[in-house]
Amino acid sequence: MIRPRWLVSRRFLAYALGLLLLAGLAGGLLAWRFYLQTDELLTGHFAGQRWDFPSRIYSDQYAVYPGLGVDGELFAWRLKRRGYVEVRDRPEARGEYRYVAADGELGHPRRLELFLRSFDFPGRREAGRLLDIRLDAGGRILGMHEGPGGEEIYSFFLEPVMLAGLHGELREDRREMKIAEVPAPLVRAVVSVEDRRFFEHRGIDLRGLARAFLVNLRSGRVRQGGSTLTQQLMKNFFLDNERTLTRKAREAVMAVMAERRFSKLEILENYLNEIYLGQKGGVGVHGMWEASAWYFGREPRELSLGQAAMLAGVIRAPNYYSPHRHPERAIERRNVVLRVLLDVGEIDHRTYRRALAEALGTVPPVAATGSASHFTDFVRNELKENFPAEVLKREGYSIFTTLDAGFQHAAERAVAEELDRLERDYPTLVREQGDRIEGALVALNPRTGRILAMVGGRDYGRTQFNRVLNARRQTGSVFKPVVMLAAVGSEEVGRVHLLPTSRVTDEPFTWDYDGKQWSPANYSDKLYGEVTVRESLERSINTATARIARDVGIEEIRDLAVRLGVDEALRPWPAISLGAYEISPFDVARVYSVFAGGGMKAEPLGVAKVVDRTGKVIEGNRLEFERVIPAVDAYLVTHLLEGVMERGTGRRARTAGFTRPAAGKTGTSNDYNDAWFAGYTPGLLAVAWVGFDKAGHVGLSGATAALPVWTRFMKEALEDRPPSAFEVPAGIELVEVDPRSGLLATVACKDTITEAFLEDDVPTQHCGALGHLLPRQADPWH
Amino acid sequence: MVPLATCCPGRQTPGTEPLPALRVVARLVLLCSLLLVSACTVASLPRFPGAGGAAGRAGQEAVKSGQLARAGLLLDEAVAAAAAGGQLGAGRLASLRFVARARDLMTRERNEEALDLLERSMGLDGGSWYTWLYMAEAWRRGGDPARGRVYLEKLDGRVPDDDRLALEIELLRRQVYLPAGLTGEFSGRDG
């Protein structure tokens, strides 16, 4: 049967309509699903953590007080590393300083005018202020005032230096800023050049699109995008950079939805925190806060109009208009932005002209990486128990350490340049296999245990092995002060009580122990005959030291070493008295810190505080002390070690110009494989090691290879500090004695030496003509 | 110019000059007197600013009567004396000033900041008993007197024959540590 044609058409129409309805329904469902998904995406993203904030590792702040030198090379470096800029006129902005040559009114030869930067110290905010600092002829601070004629202050702190950022895979640097903190000129500049009708449109700007279309049509190429700030934000948050219609459509829909969901200010805040604004090495600079700090060394609220305009202008092509790399392009772009601001009536002509005349005002880019790398590895390791790496990469913690950035700089230079010099002076140290001579240096404040510098090797890029912590090497004579402590210390540390003036022979001998025999030999095979305990240490005489160790008892020496911080695995073999035991430079520093710290063992401290993004301290580490030996015993060792510097194997430091009160000891291991120097002033202890990673013959003594590294570091690190002498504790008497007889000095003595004694040990007899009539010490050991 | 003959007439009249030996003896006596006076002057200087004289006695009285705050006044005197007289090194003076600021922070119950400054103070001057005293006090205020005990030990070993210091330590021991249930014996290495 043939159906009428109209009936066929109606049925077809019905099918078609049905299909259409179904398609519409499906489309509607899909659209609804898209809407719900997008809405969930938007709300989830805005409500949650939008970005990963890298945590930052900072050095310690630098305390400045009267008496400190502030015109030396190191202080200049400290300012430069923090991005301070020297100016000719009076500093007017944070981060500027100048030295004033003379001031007749005040009667002081020089002044330093320093405009401090603002910084959020843990628990305290430095707002940034101008300081007027009076200096003496030697560049040391006489007094300080807040501004000219302002209130007198007695100290201030330079902000910490950022040592490293702990980034995630994206490698973005960003600090979040609330919209209320964004200065109005910056908002006006960004809105004026990027989306003039931002406060009027609903996510997409049809007028803007039409204008962009016309501009592009006229010019024959894409000159304007027509995307609103909201669209740009959607693209950055959720989409890629593909130039397709689909992507543009999604971007537009999402922008409209975002505008329905969130306020204009919320969108603007996100935009200003999200936007990419340049590159520091391998790390992207994101957000206005970070860019402001990176380019101008300022917080956004401190920006001038010109600087705000420049940041707004950079958005279009951050690397092309980079104020660091292309300052002339950056200025041109800034001027365009200023013109727009003038045209839209945001600024008047006078303000416009003033902003045009502004200097660029950028601070030199300072790489945050590349220094203190071994130390920052150490810090990461210290933190990993409480703060897994993923947390550190995301949460934006500020990790304040104890490192002195200036000391670290001095230490890195000392290790690198002195090792280079050694290779030049001793060509046999240069090996064909590429096994370079290595070095390590660790410095700490023995009063507090705070780690001040750590150089784990001469080139972190080549090898990340941290020799300070992980290289276990024989210490050689660096260990001898432990023997001396057991020998000359009070009954608290040893049962055999010798005096520094007691005499001992350095004749070769054999030490029988556990059925074995050990025969110590002198470093140079030279025999000195009978020497004092002091001389045996100052000249580092092995046989004499071993004799002392035998009489003191090797078990006692071993126990004492463990008490000072050497690990429990130390076995009581006679050879340990000459340092035949492998420990790290860090452990050597711990042991010496007891001598330097007046008998207190301070737990080495690297991480002082961890602060979250809100400024709350979430981990704080305080100094930890334990008294392990009496102060008098620590001082006796220090006094012996001062002699090493003045007359013994450390005197090369004196000829190299290091004249401060100091105590220290050289060390050279068997076969000249390791060269050491461990020494300290009252406030700074450093241990230097030089050797090959693979057991190898350095062929140089500690005095030749390690002492120059130590000396160079100490000289540079302390150049700003006034010298101070070691404190003599109660219970110690310093008396002049005849070094040969150990008796009290008289005018008849040929030579005299100042010797430290426990109060009860002070000699009562005199040397010289009258002394000969009196009986000499019957027992040279006591 | 005044001629030599006018200003020094004795030189012009050899007949009146004393015997050379007597002259030498007289000069020696003069020299010794000068040396003696200088030595006495040096010896009479306080070992530490504020430690001697009226301030020291007042300090002892205050401590005896149980006023720890008196130590704060002594600290102020020490800072002022050091700043005025230039007796101390720069590091020690800066250290004392950090202690003074820490003390002020402690009175405003900003104990953590006070501890920060006291730690800085220790870094600058390891031998300042003021630092140790306030460090112990800061830990007590922070609710952890046991951690402050090590600083009392430092005090104990540092200047055991200083009357005022001994009294301060005794005061802190009696007032602070015994009520907290801790032993009052601070000598030895049991910290």
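To find a chain, count down the sequence lines: A is the first, B the second, and so on, and within it residues start at 1.
- Atom-to-atom distance recorded for Leu124(B):CG and Ser724(A):OG is 10.0 Å, nearest 0.5 angstrom.
- The heavy-atom pair separating Arg447(A) from Met122(B) by the smallest distance is CD-O, 3.2 Å.
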**Request:** Carefully, step by step, assess Arg120(B) and Asp60(A) under the rule side chain to side chain contact (heavy atoms under 4.5 Å, CB included).
**Result:** CA-CA 11 Å; Arg120(B) 297 232 167 255; Asp60(A) 193 11; 2.6 Å; yes

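- At a threshold of 4.0 Å, the pair Arg124(A)-Asp116(B) does not count as salt-bridged, since none of the basic side-chain nitrogens sits closer than that to a carboxylate oxygen.
- For Arg622(A), the parts sitting under 4.5 Å from any heavy atom of chain B are the backbone and the side chain alike.
- With a 6.0 Å radius and a threshold of 12 heavy atoms from other residues, nucleotides or ligands, Glu491(A) has its CD atom at or below the threshold.
- Between chain A and the residues Arg101(B), Glu112(B), Met135(B), Arg110(B), the largest count of heavy-atom pairs under 4.5 Å involves Glu112(B).
- Among the residues in residues 61-68 of chain A, those with a non-hydrogen atom closer than 4.5 angstrom to a non-hydrogen atom of chain B are Gln61(A), Ala63(A), Tyr65(A), Pro66(A), Gly67(A).
- Enclosure of atom CD in Glu151(A) is not indicated, since only 12 or fewer non-hydrogen atoms of other residues, nucleotides or ligands lie within 6.0 angstrom.
- A donor-acceptor pair is defined here as one N or O able to donate and one able to accept, closer than 3.5 Å; no such pair exists between the side chain of Arg147(B) and the backbone of Glu624(A).
- Top candidate by heavy-atom pairs under 4.5 Å with chain B, chosen from Gly683(A), Pro723(A), Pro722(A), Ser155(A), is Ser155(A).
- In this structure, the ring of Phe98(B) has its center no less than 6.0 angstrom from the ring center of Tyr154(A).
- Using a distance-only test at 3.5 Å, with no hydrogens or angles considered, no donor-acceptor pair links the side chain of Glu119(B) to the main chain of Thr448(A).
- Contact of Phe726(A) with chain B is not made at all, since no heavy-atom distance falls under 4.5 Å.
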